[in-house]
Number of protein chains: 2
Amino acid sequence: MQPDAQRDIYFDHAATTPVDSRVVEAMLPYFAERFGNPSSHVHSKGVEANQELDQSRASAARLINAPAETIIFTSGATEANNLAICGYLEANRERGKHLIISEIEHYSVINLCLKLRREGYDLTLLPVDKLGLVHPDKLHAAVRRETALISIQHASSEIGTIQNIKELAAIAGEAGVFFHSDAAASAGNIPVDVVDLGVDALTVSAHNFYGPKGVGALYLRPGAKLEAQIIGGFQERGYRSGTENLAGIVGMAKAAELALAEMPQRREHLTVLQQRLWNGLSQKYEFLHFTGHPSERLPGHVSFWLEYIEGESLLLFLNVYGIQTASGSACASNMRGQDEHDLAASHVLTAVGVPAEYCSGSLTVSMGKDNTEDEVDYFLQIFPQVVERLLAMSPLWADKLKGKNPYQ
Amino acid sequence: MQPDAQRDIYFDHAATTPVDSRVVEAMLPYFAERFGNPSSHVHSKGVEANQELDQSRASAARLINAPAETIIFTSGATEANNLAICGYLEANRERGKHLIISEIEHYSVINLCLKLRREGYDLTLLPVDKLGLVHPDKLHAAVRRETALISIQHASSEIGTIQNIKELAAIAGEAGVFFHSDAAASAGNIPVDVVDLGVDALTVSAHNFYGPKGVGALYLRPGAKLEAQIIGGFQERGYRSGTENLAGIVGMAKAAELALAEMPQRREHLTVLQQRLWNGLSQKYEFLHFTGHPSERLPGHVSFWLEYIEGESLLLFLNVYGIQTASGSACASNMRGQDEHDLAASHVLTAVGVPAEYCSGSLTVSMGKDNTEDEVDYFLQIFPQVVERLLAMSPLWADKLKGKNPYQ
């Protein structure tokens, strides 16, 4: 089969999603027409902008069942995670200097906390089990009198596993410890209810649910103290200064409204695609191993690793056939060569027990609302051909065929 | 004259500018089509996004005559100012704990430095003269052995004055002190050349030159050390993590290209409008006082204050007539009531010697490339009527007419 120039199948929604055309349409008037600065309280364009900001805040809040005034708009999930952690620690210095996060957090939590550790904080990296779950008893055992903050992601973009945040947050609540959850991968894709989850702070990312890049939000429970990390003109009630990215915020709000309205259908559709892909791959290859939780996982998310096959080649071959998918997280790719010791293998895959030498052979297929069954079938048609070709090049596979254990 | 519902005259370009329709057009494909994550190095959409990021970086750099690799994209000028100051101080802790800024900096510099002062930094607030200029000899005298950083804005959005940054940066250079300039109000509107100015870091804001809100940049001189303030996936060479707002960055790049190409015509046009407005107001009212520098000022920027008249009423009346203009800076309006002692009057106007009781009577008319002479004429027709009406309501003016000194 020859590469098909007609095919353009995007299976990397965990890295980013296309902006929904209805979202683009909602944003458009806010560039050249309704372009006022929400802080310009003294004229029509400013007042109009400020009203739209209020409405957008209400829409973004509804997505996670929060009151509008608990939403702090940011430039994205990374900033929101940084604001939650640094902002809480700075505003609550009387708390101890112990932090708890899981081993499989996003880089914006893990790298920040590693920096805080270098600055004198004590950091506990909670292990996860083979399915990627943090065990409540492990969290319970890790909490100390001097624990200031716990941050555990809601869902993993890399292995798809959804944590039981409600149970974990309850442990934090009993201990009186601030609990933050990075819901960048989940909010807008599965139901996220901050009241039900019982979190103190929660991160949302617009570009993960068909909204624009460059905008996100931090939910902050009423009464919680937080110190701003970007100082200036006192926008966002002083929690986050800087002229608001109103077009982006309007886009996030529209994406949130659509996500809320269409979530049941989207999930149903994605579950069908996921099951189809899963079935098509299962029991085909003894050397293919699924990662993450089989049921508690993001809809449309299928992740696995392969023996014998080099992952980057796999991705590049699939790309030639018009299939765009990922290995590990998009962010990780910037760090190759930055710190070889830490980052040669995905910290998430290592945490769920994938041997480091295989981590580069991992694949994350993250489907979106506009993918089709036909695209899954095309993937299932192409994938075996690519695998066969890569096996033919693999010295490890050659050893295996000769009856040797190639990994010894 | 009755309010004219047809009129919609935007004279508040210092607060924000409309996005140029050519910029919107350039951005559009990056929402729903070319939506890849620049960090997704392994497939076409990601590679394409990364290439566009490189090209945009080059365009943004050209605007300020900088090499592409010196540009760090941020969520805006406020973040860029924060990154320059906190990032430099954190990366150069061996330097002393003395900071120098001018009295008329933007809130994102002044409020940040006031916070740093509370945390133990020694802060010198350089005074400005009546025209808003920082005097080089005052800077020279303020520099100490323990001075870590100097930050002086290029131009004031409130009074329009353009500083002689080249001379000020040279003083810093001789003393070996890091020099940052906030060029949010100037870059894209007047020539800004980081090599000629001799700055170590410089802030650019896209929405101040017909680009989108939510995107800005920090120029950082090659070799200068800076610690990231938003930690995560190592985007922007580690200086600023978070998935890049590619549509916004493409918009900023396009706005930069247009600004560079059209700057001579825009400036000429704005100088005509500025002169026309200036002439129309000059010598009409003995109680009208222009602020800022008469020649070293932003094109299309006219600012003044009035005796006897309450500024907010003036703005609201003008708005009724379809003229949108500002008093002080947009950001200041969020802080009314936050800290009455510090912020009842504009710190900028106070610094140039406007008595605090008049600061609310100030007006900033900041015209843009698409304003017309006809709009200026309309302003000059409406303004006297509004002033007359407000004088008629003014007890101070009544006293004055009776021959009393109303301010005694």
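In what follows, chains carry the letters A, B, and so on, assigned in the order in which the sequence lines appear, proteins first and then strands, with residues in each chain numbered from 1. Keep in mind that what you see is a predicted model, and the values were worked out from it rather than measured.
- Proximity to chain A is limited to the backbone of B/Ala228, based on heavy atoms less than 4.5 angstrom apart.
- Residue contact with chain A, scored on non-hydrogen atoms closer than 4.5 Å, involves the side chain of B/Leu28 exclusively.
- Side-chain N or O atoms of B/Asn82 include one that pairs as donor or acceptor with a backbone N or O of A/Ile231 at under 3.5 Å.
- Proximity of B/Ser327 to A/Val42: side-chain heavy atoms (C-beta onward) are nowhere separated by under 4.5 Å.
- The candidate with the highest count of non-hydrogen atom pairs below 4.5 Å against chain B, out of A/Leu318, A/Asn81, A/Thr17, is A/Thr17.
- When the candidates A/Ser108, A/Gly76, A/Gly211 are compared by the number of heavy-atom contacts under 4.5 Å with chain B, A/Ser108 comes out ahead.
- With a threshold of 4.5 angstrom between heavy atoms, B/Thr74 does not approach chain A through any atom at all.
- Chain B forms the most heavy-atom pairs under 4.5 Å with one residue out of A/Gly248, A/Ala32, A/Pro212, A/Pro18, and that residue is A/Pro18.
- Contact annotation for B/Ser205: neither backbone nor side-chain heavy atoms come within less than 4.5 Å of a heavy atom of chain A.
- Between B/Phe31 and A/Met27 there is a side-chain heavy-atom pair separated by less than 4.5 Å.
- In this structure, the ring pair (Phe, Tyr, Trp, His ring centres under 6.0 Å) partners of A/Tyr10, at least two apart in sequence or on a different chain, are A/His13, B/Phe35, B/His43.
- The part of B/Glu227 that comes within reach of chain A is its side chain, from C-beta onward, which places non-hydrogen atoms under 4.5 angstrom from that chain.
- In this structure, B/Leu112 CG and A/Ser241 OG are separated by 10.0 Å, a value rounded to the nearest 0.5 Å.
- Remark: of the listed residues B/Asp12, B/Thr16, B/Asp8, B/Asn319, B/Asp8 is the sole one forming a side chain to side chain donor-acceptor pair (under 3.5 Å) with A/Lys45.
- A side-chain N or O of B/Arg240 and one of A/Ser75 form a donor-acceptor pair less than 3.5 Å apart.
- For B/Ser21, no part lies near chain A; criterion is any non-hydrogen pair under 4.5 Å.
- If you tally non-hydrogen atom pairs under 4.5 Å between each of B/Gly216, B/Gly36, B/Gly251 and chain A, the highest count goes to B/Gly36.
- Proximity to chain A is absent for every atom of B/Ala247, based on heavy atoms less than 4.5 angstrom apart.
- With a 4.5 angstrom heavy-atom cutoff, B/Glu119 touches chain A only via side-chain atoms.
- If you tally non-hydrogen atom pairs under 4.5 Å between each of B/Gly238, B/Gly214, B/Ala77 and chain A, the highest count goes to B/Gly214.
- Counting heavy-atom pairs closer than 4.5 Å to chain B, the top residue among A/Arg34, A/Gln229, A/Glu90 is A/Glu90.
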